Amino acid sequence: MAKVSNEVARKNTSNDFFTSSIGNKEELPVEAGRYRLIWAAICPWAHRSVIVRNLLGLENVISLGTVNSVRTENGWEFSLDDGGIDPILGIRFLSEVYVNADPEFNGRSTVPAVVDVTTKKVVHNDYLNLTNDLETVWKPFHKENAPDIYPEHLRKEIDELNKIFHNDINNGVYKCRSAHSQEEYELAYETLFNRLDELESRLSTQRYLFGDFITDSDIRLFVTLVRFDVVYHSLFKANRNRLIDFPNLWAYARDLYQTPGFGDTTDFEAIKKGYYASSNGEDNPLKIVPKGPDVSGWNTPHGRENLTINNTILVSKKN
Ligand SMILES: N[C@@H](CCC(=O)N[C@@H](CS)C(=O)NCC(=O)O)C(=O)O
């Protein structure tokens, strides 16, 4: 098992070494039962692919392995599994399948990671495009009546919005956390909250970002919103407002949370522990995990049904 120095590797700008879409290469066929998606409940980038896998009914097509959300100095570990071993891959550390794929690999062994169970090699860790692959390349395996969450006529708009989310919101919270100066922090903070203000207004008249149906963009926004009050507001200093202070955004997030695939894949305790108690927690050296905030509000009525015109959720307009 190669030990990866997180500090050295983090200086690499990108860690996405395995970017070929499954289906694009002969040795990576789109095939049921062949791949295992590895995630950690803490990780927003991995969480979104798990939500999409559930919405599209790919649970029996691509299996799921879960590493402990508290990352140790050995990286991600399968310590939640019996004997600390992933039952399908037979490994203790995620880095093992990265090294199987490339013996010279010295980057960070990140989640999400898609592993070919026949070779026990990581074949894909392109977190930016993974949900889009599940939505397109894996279409033949979607469940009957699966929602079209990446409808062709909206792809350009969805991609543009996703780019904004990536820079200003999904990564925006990380920019608040990792700013190297007061100025940098304030810029990230203003950019983030300006975007949230825009969304608060956009979501005042429509149930989801593009209307009456859930799209890939809603999933990308959700994974940041659901972590906002439990982690980003406090640990990352993204604290102009909490999510619960935005009436529309908060109701929108609860609406999604209460939709199968979202809340049932959200583990607030794992998220908190992962951020506050992982081994590289230089911003929380004693690894004390906060008790609050109270998350019971996530199950309260959201009232957003009233914004749905035809009450057909999860289906795009052109279907
Ligand atoms: N692969 C991407 C994003 C995925 C990512 O950063 N995942 C985090 C968890 S949210 C991770 O696995 N980190 C492991 C590490 O830093 O060693 C990257 O290069 O930054």
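The shown structure was predicted, so the numbers you read here are calculated from the model rather than taken from an experiment. In each ligand, atom 1 is the first atom listed, and ligand 1 is the first ligand listed.
- At a threshold of 4.0 Å, the pair Arg242-Asp245 counts as salt-bridged, since one of the basic side-chain nitrogens sits closer than that to a carboxylate oxygen.
- The residue from Val111, Asn125, Leu130 that puts a heavy atom closest to atom 4 (C) of ligand 1 is Val111.
- With contacts defined as side-chain heavy-atom distances shorter than 4.5 Å, the pair Tyr252/Ser204 does not qualify.
- Between Tyr174 and ligand 1, no N or O atom pair is found at a separation short of 3.5 Å.
- Taking only nitrogen or oxygen atoms, main chain and side chain alike, Thr110 reaches within less than 3.5 Å of ligand 1.
- Under the 4.0 Å criterion applied to side-chain N and carboxylate O atoms, Arg240 and Asp197 are assigned as salt-bridge partners.
- Using a cut-off of 4.0 Å between Lys/Arg side-chain N and Asp/Glu carboxylate O, Arg220 and Asp216 are scored as salt-bridged.
- Those atoms of ligand 1 with a heavy atom of Cys43 less than 4.0 angstrom away are 7 (N), 9 (C), 10 (S).
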